[in-house]
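Only this structure's heavy atoms are used, side chains among them; waters, hydrogens and symmetry mates stay out. Naming convention: chains lettered A, B, ... in sequence-line order (proteins, then strands); numbering from 1 in each chain.
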Amino acid sequence: MRNRLKKSEAFVKTGLQNTIIAAAKKAAPSDRVPFAFEKRVMARIRGLSGVDVWAVWSRLLWRAAGPCVAIMLAVSLWAAFSNHQNPALNTLSEDLESSVLAPFASLRDSPW
Amino acid sequence: MDPTDTELIAAVLNGDAASFEGLIRKYQPKVFATARRYARRESEVEDIVQEVFIKAFQKLASYRREAPFEHWLMRMAVRTCYDYLRAHQRNRETPMSEMTVQDSDWLEQFVAAPGRDVQAADAARLIIEKVLGRLSPAARLVITLLEIEDRSVKEIAALTGWSVSLVKVRAFRARAEMRRLLERLDVEKYL
């Protein structure tokens with residue numbers, strides 16, 4: 001009896017699933033468009049196409065990237081070349097080390 | 001003669017934003033029909049359609065003209081609908097247990113005579129909305145595209161941006177999810 005009940009229950013469920021899908025296929029949604037909807041969207045688009053500050057800022061940053069790289073390369077070459085010509089001066093790494101350790105050197109001299 | 005899609009797109013890309021109106025007018029019925037499959041309230045449908053066209057306008061430069069504009073736009077529409085479903089996942093439809101008298105009548109009618117044409121009834125539509133509304137976003141999208149719109153796995157993969165195997169896995173899970181949902185219905189009551 002219980003098996004029979006389970007079987008008929010399963011039949012109904014499968015049938016129900018198929019019926020629901022068949023009904024959904026039949027009930028195709030409407031393609032009705034509200035009056036002047038395209039005008040509404042165009043108004044939004046026109047509102048959006050104003051000046052985008054962030055876009056302008058990022059475009060400027062990208063444009064500035066090239067000259068910045070060129071300047072950096074030129075300064076590096078100049079620094080390397082001038083050091084090479086005058087070996088009596090400190091090397092770039094020595095200069096960097098002394099600059100980084102300068103605060104600690106002043107600490108060592110203080111009474112604390 | 002009306003300008004073609006290619007001409008309208010070229011005009012928009014050359015700075016004539018007003019030409020986009022022609023594209024909206026041509027494709028809005030299709031986008032509305034797609035959005036109505038996923039959203040119930042008309043205000044939500046309008047929001048989805050508006051978002052689809054705004055996205056299309058903003059990304060028009062990325063349209064590579066390899067496929068028709070309609071395919072590109074419908075892909076965007078399906079993805080926007082999926083995003084909408086995911087965003088509204090929390091406030092889903094009423095639980096299955098809360099069936100109205102009308103739903104119960106429809107079920108009773110179906111169980112009594114499964115062969116009869118009861119699909120046209122309003123109750124049938126309501127129960128479909130209830131069942132689909134309880135599915136997860138991915139399951140709802142797959143069931144809609146695969147079972148209701150009769151699309152192939154490849155088509156769904158192209159529309160959603162998922163791989164073919166992912167579509168198959170999600171279809172399997174979606175069917176199981178739907179079965180589980182229907183199991184929650186008190187079918188025994190009608191036997």
Table please: side-chain donor-acceptor pairs of residues 65-75 of chain B below 3.5 Å, with sequence neighbours left out.
from, atom 1, to, atom 2, distance (Å)
B:Glu70, OE2, B:Lys30, NZ, 2.5

Kindly list each side-chain donor-acceptor pair under 3.5 angstrom involving residues 153-160 of chain B, sequence neighbours excluded, with atom names and distances?
from, atom 1, to, atom 2, distance (Å)
B:Glu155, OE1, B:Ser152, N, 3.1
B:Glu155, OE1, B:Ser152, OG, 3.4
B:Thr160, OG1, B:Ile156, O, 2.7
B:Thr160, OG1, B:Trp162, N, 3.3

Could you tell me whether the side chain of B:Asn14 and the main chain of B:Ala10 form a donor-acceptor pair under 3.5 Å?
yes
Residue B:Gln58 versus chain A: region with a heavy atom under 4.5 Å:
side chain
Is B:Arg40 salt-bridged to B:Glu44, going by a charged N under 4.0 Å from an acidic O?
no
Quick check, are the ring centers of B:Tyr38 and B:Tyr82 under 6.0 angstrom apart?
no
Which one of A:Lys39, A:Arg40, A:Lys25 has the most heavy-atom pairs closer than 4.5 Å to chain B?
A:Lys25
Between B:Glu149, B:Met178, B:Glu46, which residue shows the highest count of heavy-atom pairs closer than 4.5 Å to chain A?
B:Glu46
Taking B:Arg25, B:Arg175, B:Arg37 one by one, which has the highest count of heavy-atom pairs under 4.5 Å against chain A?
B:Arg37
Looking only at B:Gln50, B:Gln28, B:Glu147, most heavy-atom pairs under 4.5 Å shared with chain A are made by B:Gln28
